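Remarks on the structure that follows.
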Amino acid sequence: MGSLAFIPVGERKLAYDVQTLANQFVRLDISERNHVLACTVARSSWFERIKDRQYDNPHLLVLRDTVRHGGTKQVTIGDDEVLSMQGRVCVPNVDGLREMILEKAHSS
């Protein structure tokens, strides 16, 4: 969105409202002059837990730095800063997160 310092005072409330929507995973698309499309992005709580802890894993930190320096094409960092390998989210091996996910998958 940019810095709020460059938004005129009369438009700051609108900027805050747009940021609030973005924080709630609502995306706005203004592709036509008189129309605004709003859509929500659903994410699982597991995804959010993975995302929050992904870079607590030292191996994933090294992998992230490798990707940022162009060292690998198999691993990507998405717009949401989530590290993925061949289209699959990298799950950190911290606080038993992998085991919890595997247990949940086996019990379903």
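Computed from a prediction, not measured in an experiment: that's the story for all the values here.
Residues Trp46 and Val89 are members of one and the same hydrophobic cluster, defined by side-chain heavy-atom contacts under 4.5 angstrom among Ile, Leu, Val, Met, Phe, Trp and Tyr.
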Determine all donor-acceptor pairs shorter than 3.5 Å in which one atom belongs to a side chain in residues 62-75; sequence neighbours excluded.
unit_1: Thr66; atom_1: OG1; unit_2: Val62; atom_2: O; d: 2.9
unit_1: Arg68; atom_1: NH2; unit_2: Glu81; atom_2: OE1; d: 2.7
unit_1: His69; atom_1: ND1; unit_2: Asp65; atom_2: O; d: 2.7
unit_1: Thr72; atom_1: OG1; unit_2: Gln74; atom_2: N; d: 3.4

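Summarising the geometry of Ser84 relative to Gly87, their closest heavy-atom pair is CB-C, 4.5 Å, with the distance given to 0.1 Å. Among all heavy-atom pairs drawn from Ile50 and Pro92, the shortest one is CG2-CD, 3.9 Å. Contact record, Cys90 with Met85: SG-N, 3.9 Å, taken as the closest heavy-atom pair.
Evaluation of the side chain to side chain donor-acceptor pair (under 3.5 Å) rule for Asp52 yields no partner, not counting sequence neighbours. Remark: Arg53 engages Asp56, Asp95 in a salt bridge (Lys or Arg N to Asp or Glu O under 4.0 Å) (not counting sequence neighbours).
Within the 4.5 Å cutoff, the side chain of Val91 has no heavy atoms near those of the Met100 side chain.
Annotation for Leu102: hydrophobic cluster partners, listed by chain and number, are none (ILVMFWY side-chain heavy atoms under 4.5 Å, direct or chained).
Interatomic distance, Arg49 CZ to Ile101 CD1, rounded to the nearest 0.5 Å: 8.0 Å. Rounding to the nearest 0.5 Å gives a distance of 4.5 Å between OH of Tyr55 and CG of Leu83.
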